[in-house]
Amino acid sequence: MASLTRSIVIGPLSRSSLKSTSPSIICAQCRRTFVTSPALQSGHNKWSKIKHEKAAADAKKNAARTVFTKNITLYSKLYGPNLNDNPQLATVVAAAKKAGTPKALIEGAIARGQGKSSEGATLEPVIYEAIVPPNIALVVDAATENTKRVIEDLNQMVKKANGAKSPSKFLFERRGRVIFEKGESGLDVDDIMEDAIEAGAEDLENDQEGNIIVWSDPSSTQQICKAVGSKFNLKIAESDIVWHAIEDTRAPLDSSDELVKFTDLLASIKDYPDVQAIWSNVSRGNMSDDEWDRVTELIDE
């Protein structure tokens, strides 16, 4: 204040002195109004992170529900829909409820195992074939009470990915597959081979986790489940009639816009309520581990 008074006594402030002193008389609070605030950007980043985490959590929850409903359908088909007479079904239903799987999904999966909709209508099998860029074959297994609607809906999904409904089954072989969990039994392929062959098995192998995979004609899967599973007290992880891609028809897919569209298409088909399985002859091209893991999560290989 003293210096300011002194300048007044000496004489009028020059234009240059005003320029030099003006920054010092603007307080910090006033200067804040001229600074771009990072608050909005920070909030945006936080919201993006929340959305990303929620999407990941939802995907994990949906994947778990898919596993539960698939197993419920399997045990309903193999041993009947009555929980009191079907301990395997009762166990997986209890686990699904504990994990928060909606009652409607559980009841629908039980009915589907009996070839019925949740309303009791008979379900008709649908096999949908398509080719999508760059040259990947798809076979989709569905069961529905409205075949026309399912085909139209799948056509729209495939078209959005620049693909087309087209014959593709000739690139696959139809096989029966039963997967028995390794569990604590310590049993291996050699231990069940004789009984499995007698029940209709054509080939047996172990997967990377040590589970036993039994390949057969499609008509033999239920017999293998009942004969081998019951005798050796083995838990059935999967029992399917699969479309197994012929090895020399595999189509590589690289990291690209086509990969993004392909995984988006698979996710849409996977979420479609009438779809039971998606088979593809896709193989890994130049892509990251995470990208390939995402592809394999969405197809029934």
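Note that this is a predicted model, so its numbers are computed, not measured.
- For the residue pair Ser255 and Glu291, a side-chain donor N or O sits within less than 3.5 Å of a side-chain acceptor on the partner.
- Alongside Ile241, the hydrophobic cluster contains no other residue (criterion: ILVMFWY side chains under 4.5 Å).
- Arg149 has a carboxylate O that lies under 4.0 Å from a charged side-chain N of Asp274, or vice versa, which qualifies the two as a salt bridge.
- You'll find the side chain of Ile136 stays beyond 4.5 Å of the side chain of Ile131, heavy atoms only.
- Note: the hydrophobic cluster containing Tyr272 also contains Leu138 (ILVMFWY, side chain heavy atoms under 4.5 Å, direct or indirect links).
- The backbone N or O of Leu259 lies less than 3.5 Å from a partner atom in the side chain of Thr263, making a donor-acceptor pair.
- Under a 4.0 Å N-O distance rule, the pair Arg177/Glu238 qualifies as a salt bridge.
- With hydrogens and angles ignored, the 3.5 Å screen pairs a side-chain donor or acceptor of Ser256 with a backbone N or O of Asp254.
- Between Lys70 and Asp300 there is a salt bridge, since at least one side-chain N of the basic residue sits less than 4.0 Å from a carboxylate O of the acidic one.
- Using a cut-off of 4.0 Å between Lys/Arg side-chain N and Asp/Glu carboxylate O, Arg174 and Asp141 are scored as salt-bridged.
- Asp217 places no side-chain N or O within 3.5 Å of a backbone atom of Ser220 that could act as its donor or acceptor partner.
- Hydrophobic side-chain contacts under 4.5 Å tie Phe172 into a cluster, directly or through other members, with Ile127, Val139, Phe170, Leu171, Ile179, Ile213, Trp215, Val242, Trp243, Trp279.
- Between the Asn82 side chain and the Asn84 main chain, a donor and an acceptor come within less than 3.5 Å of each other.
- Listed for the Thr221 side chain is no donor-acceptor partner under 3.5 Å among the backbone atoms of Ser239.
- Remark: Glu297 engages Arg294 in a salt bridge, criterion side-chain N to carboxylate O under 4.0 Å.
- Within the model, atoms NE2 of His244 and CZ of Arg175 stand 6.0 Å from one another, a figure rounded to the nearest 0.5 Å.
- A distance-only check finds a donor-acceptor pair linking the side chain of Thr101 to the backbone of Ala96 [under 3.5 Å].
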Enumerate donor-acceptor pairs with a distance under 3.5 Å from any side-chain N or O in residues 71-79 to protein atoms, sequence neighbours excluded.
unit_1 : atom_1 : unit_2 : atom_2 : d
Asn71  : ND2    : Val67  : O      : 3.4
Thr73  : OG1    : Thr69  : O      : 3.0
Thr73  : OG1    : Ala109 : O      : 3.0
Tyr75  : OH     : Ile236 : O      : 2.7
Ser76  : OG     : Ile110 : O      : 2.8
Ser76  : OG     : Gln114 : NE2    : 3.1

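- Asn211 and Asn206 are not linked by any side-chain donor-acceptor pair at a separation below 3.5 angstrom, with hydrogens and angles left out of the test.
- Inter-residue side-chain proximity for Ser117 and Glu145 is flagged as met; some heavy-atom pair is nearer than 4.5 Å.
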